[in-house]
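First the structure, in the form of structure tokens, and then the observations on it.
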2 protein chains.
Amino acid sequence: MTKKKISIKDIAKLTNTSITTVSFVLNGKGRTSKDVAKLILDTAHENGYEPNRMAVGLRTGVSKVIGLLVENIGGPFFGEVAKVIEEEAEKLGYSIIYCSTNNSLQKGRNIIKMLSHQAVDGYIITPLKGLEKDIQNIIANGKPVVLIDGYFPKLDIPHVLVDNATSVYNAIDYLIKAGYRKIGFVTADLDLVQLHDRMNGYKEALIDHGIKVDNKLIFKLPFDQPKATSVMAMKGFLKQYKQMDAVFFSANYLGTMGLECIKELDLSIPQDIAVVSFDDTEVFSLYPPGITAVQQPVHEIAKSAIDILMAQLSDKNLDMSDTKLHIPAKLIERSSTTPKNT
Amino acid sequence: MTKKKISIKDIAKLTNTSITTVSFVLNGKGRTSKDVAKLILDTAHENGYEPNRMAVGLRTGVSKVIGLLVENIGGPFFGEVAKVIEEEAEKLGYSIIYCSTNNSLQKGRNIIKMLSHQAVDGYIITPLKGLEKDIQNIIANGKPVVLIDGYFPKLDIPHVLVDNATSVYNAIDYLIKAGYRKIGFVTADLDLVQLHDRMNGYKEALIDHGIKVDNKLIFKLPFDQPKATSVMAMKGFLKQYKQMDAVFFSANYLGTMGLECIKELDLSIPQDIAVVSFDDTEVFSLYPPGITAVQQPVHEIAKSAIDILMAQLSDKNLDMSDTKLHIPAKLIERSSTTPKNT
DNA sequence: TTGAAAGCGCTAACAA
DNA sequence: TTGTTAGCGCTTTCAA
């Protein structure tokens with residue numbers, strides 16, 4: 001059982017051929033006679049030969065590893081993304097090294113540096129403001145990158161994410177048509193395009209319906225503070241403006257926290273306040289009376305990201321059109337937004 | 001920006017020394033004069049030198065990569081585990097390659113094979129029945145393994161997981177003391193030690209309280225069938241035995257599904273049926289009236305796993321005691337199990 | 001159809 | 001205190 005790993009040299013010896021021949025046969029570059037090829041293949045198989053990735057990597061500069069840099073691998077959205085990406089990558093013989101940034105620029109920087117030492121072949125990255133240079137560096141060094149869940153509006157870098165603006169626009173539009181007019185908007189106080197886009201979708205929908213944007217109805221929750229503090233703050237917001245008849249949460253953790261606040265404030269959904277959250281989760285489908293949510297096409301996002309990356313990997317001078325995807329979301333209508341009988 | 005990676009050789013040239021000297025300095029193996037050392041260090045730093053991991057790996061046989069094989073990286077438990085493990089590993093200069101088995105033996109096998117070609121330095125694995133040989137093989141080849149969330153009772157392999165039997169025992173004991181007597185048990189029809197242990201905890205608690213185990217109150221939900229089918233089956237079970245006054249779900253996805261069933265059956269918690277689930281999640285804390293759950297010490301499990309692995313990595317002939325951890329869980333009491341007024 | 005040999009970047013035994 | 005050199009396992013050019 002403790003058999004040492006067998007190498008190409010061993011196989012050459014075993015078959016009375018040269019390492020060159022073995023290498024060619026094993027890599028399917030036909031130039032050898034059928035007999036020899038078969039013998040080598042059989043011997044390799046019998047002995048459980050497997051190429052040493054380090055050696056191949058050192059020689060060819062290809063590691064068959066992809067770096068995945070997400071905000072939080074433990075979260076529902078990124079967890080699912082990670083799963084799909086891994087499954088797709090595995091089919092193609094790639095492995096995934098993952099890291100979480102927790103929205104910290106510093107951490108993102110370090111990790112990119114670390115991954116580049118690891119000599120990964122490509123990257124899938126959740127972008128952060130300030131990471132532009134680092135990412136452009138990667139690309140300048142010839143490694144492909146696909147951004148996920150965000151993008152740099154001014155840079156020409158492939159990305160795939162949900163169509164934030166439109167999907168929020170649609171959700172707000174839906175609320176308005178259901179009779180709600182004083183719609184609050186809760187977001188995180190983070191400078192991320194995806195959040196700005198969501199906010200814009202919200203504002204545009206209001207404006208298109210002739211409703212004035214009221215900044216008092218917009219609440220930016222500070223990031224990275226203790227949960228109790230956040231709950232307190234959010235309760236404060238929800239309580240303060242009793243005239244609010246609906247509220248939109250722009251991220252799933254905000255929605256979940258919002259439900260907790262609403263419960264503690266003893267408000268009923270949707271009678272006292274209608275609720276919609278971005279990013280559907282099990283909580284929203286289960287929590288009574290059922291929370292309407294914007295469902296991200298997680299699977300499609302993940303699949304597209306890996307597809308685009310692989311395309312770049314196999315064809316360096318790829319046509320870069322069709323590598324910037326804003327995929328429509330689906331509004332899952334539940335009873336938290338029942339039409340209002342005004 | 002498109003600067004090619006700089007190598008040890010370049011530094012040697014730049015500093016008029018030899019690659020040996022550079023290597024020694026960079027690895028902190030003092031044997032060089034202070035002046036030369038400083039010069040080399042500075043030059044390396046200025047040029048952003050970073051060792052080529054492939055080369056180091058090929059030469060030393062150490063990849064600084066750990067393989068993480070879990071049931072489902074997208075799930076709440078494993079997602080959190082993955083996050084902690086990554087954070088700890090990163091501090092120590094290790095990266096994590098992850099894979100999900102989805103409880104498929106075949107997939108687990110393939111992945112272990114694949115990881116071993118990747119030449120990972122160590123493994124953290126969620127064991128599956130049938131994977132014993134493969135795992136023993138890894139160990140025989142000198143790579144350390146720590147099992148997580150499960151173990152092989154007959155094998156002497158380090159592992160860390162929650163104390164399943166005791167924690168379920170305590171939960172059932174709590175239910176009984178709260179006045180419930182006809183307690184159902186829902187589990188997955190998978191042959192996993194952790195599930196058996198949970199079932200045993202359930203049975204023992206009943207027996208210790210002089211309650212007879214009624215197999216009709218135990219339901220094993222087939223794994224890997226469409227969700228609708230599972231819901232149907234579980235509803236069937238919950239409906240069939242109206243005399244059941246409480247039910248224990250032995251996994252979080254079962255608990256969540258159970259809530260859905262209970263809702264559809266229009267039963268109220270805890271009046272019609274009290275509910276406890278294994279593995280606390282956000283759903284349970286939020287879902288009215290609050291679902292009592294067995295909270296796994298996720299953080300501690302993950303931390304211990306990586307610690308034990310690292311200990312083995314740094315000291316091959318480690319004392320193997322203290323490497324088999326069954327960590328106590330905490331019962332989070334909520335209103336789904338309010339004492340019964342009989 | 002085959003093989004010898006160079007070399008990817010690094011470590012470390014050995015020599016000076 | 002420093003440098004020369006072999007070699008980790010592999011791919012690939014060049015020659016036979």
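Residue numbers start from 1 in every chain, and the chains themselves are labelled A, B, ... in the order their sequence lines are given, proteins ahead of strands. Worth saying up front: this structure is predicted, and the values here are computed from it rather than measured. Computation of the quantities below employed the complete heavy-atom set of this structure, encompassing side-chain atoms and omitting hydrogens, waters and symmetry-equivalent molecules.
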TODO: Write down the distance between NZ (B:K9) and P (C:dC10), rounded to a whole number of angstrom.
DONE: 10 Å
Would you list the protein and nucleotides 14-16 of chain D atom pairs, both N or O, that sit under 3.5 Å from each other?
none

TODO: Establish, from distance only, whether the side-chain atoms of A:K113 and A:N137 form a donor-acceptor pair under 3.5 Å.
DONE: no
TODO: Apply side chain to side chain donor-acceptor pair (under 3.5 Å) to A:D149 and A:T126, showing your working.
DONE: CA-CA 6 Å; A:D149 195 49; A:T126 304; 5.4 Å; no
TODO: Return no unless some side-chain N or O of A:N27 is found under 4.0 Å from OP1 or OP2 of D:dT11.
DONE: yes
TODO: Any pair with a residue in residues 53-72 of chain B that passes salt bridge (charged side-chain N to carboxylate O under 4.0 Å, His left out), sequence neighbours left out, goes on the list, sorted by first then second residue, please.
DONE: none
Open item on the list: So if I apply the side-chain contact (heavy atoms from CB on, under 4.5 Å) rule between A:Y123 and each of A:I138, A:L69, A:L147, which one comes out positive?
Closed with: A:I138
TODO: Measure from CD1 on B:I40 to P on D:dT2 and round the result to the nearest Å.
DONE: 8 Å
Open item on the list: Show me the pairs that pass ring-ring contact (aromatic ring centres under 6.0 Å, His included) and involve residues 72-112 of chain B, at least two apart or across chains.
Closed with: A:Y98-B:Y98
TODO: Quickly work out the A:I19 CD1 to D:dT11 P distance and round it to whole Å.
DONE: 10 Å
Open item on the list: Whole angstroms only, please: what is the CZ-P distance between B:R53 and C:dC10?
Closed with: 12 Å
Task: Nearest to side-chain heavy atoms of B:S33, which nucleotide of D:dT1, D:dC10, C:dC10 - done: D:dT1
Open item on the list: Any residue in residues 54-62 of chain A with a heavy atom nearer than 4.0 angstrom to DNA chain D? Just list them by number, or reply none.
Closed with: A:A55, A:V56, A:R59, A:T60
Task: B:K29 side chain, from C-beta outward: closest of C:dC10, D:dC10, C:dA12 - done: C:dA12
Open item on the list: For residues 21-55 of chain B, which residue pairs pass the ring-ring contact (aromatic ring centres under 6.0 Å, His included) check, not counting sequence neighbours?
Closed with: none
TODO: Return each pair, listed once, that meets salt bridge (charged side-chain N to carboxylate O under 4.0 Å, His left out) where at least one residue sits in residues 95-110 of chain B; pairs must be two or more places apart or across chains.
DONE: A:E86-B:K107, A:E90-B:K107, B:R109-B:D134
Task: B:T21 vs D:dG3: side-chain N/O to OP1/OP2 distance below 4.0 Å - done: yes
Open item on the list: Using the rule side-chain contact (heavy atoms from CB on, under 4.5 Å), only one of B:L325, B:L161, B:I157 pairs with B:Y151; which is it?
Closed with: B:L161
Open item on the list: What I want to check is whether an N or O donor and acceptor connect the side chain of A:T20 with the base of C:dA4 at under 3.5 Å.
Closed with: yes
TODO: Would you kindly give the CD-to-P distance between B:E50 and C:dC10, to the nearest whole Å?
DONE: 10 Å
Open item on the list: Less than 3.5 Å apart, any donor N or O on the side chain of A:T21 or A:S18 sitting next to an acceptor on the other?
Closed with: yes
TODO: Measure from the side chain of A:S23, starting at C-beta and using heavy atoms only, and say which of D:dT11, D:dT5, C:dG3 lies closest.
DONE: D:dT11
Open item on the list: Between P on C:dC10 and NZ on B:K13, what's the gap in Å once rounded to a whole number?
Closed with: 13 Å
Open item on the list: Output the rounded distance in Å from CG (A:D35) to C1' (C:dT2).
Closed with: 14 Å
Task: Nearest-Å distance for atom pair CD1/P, residues B:I8 and C:dG7 - done: 18 Å
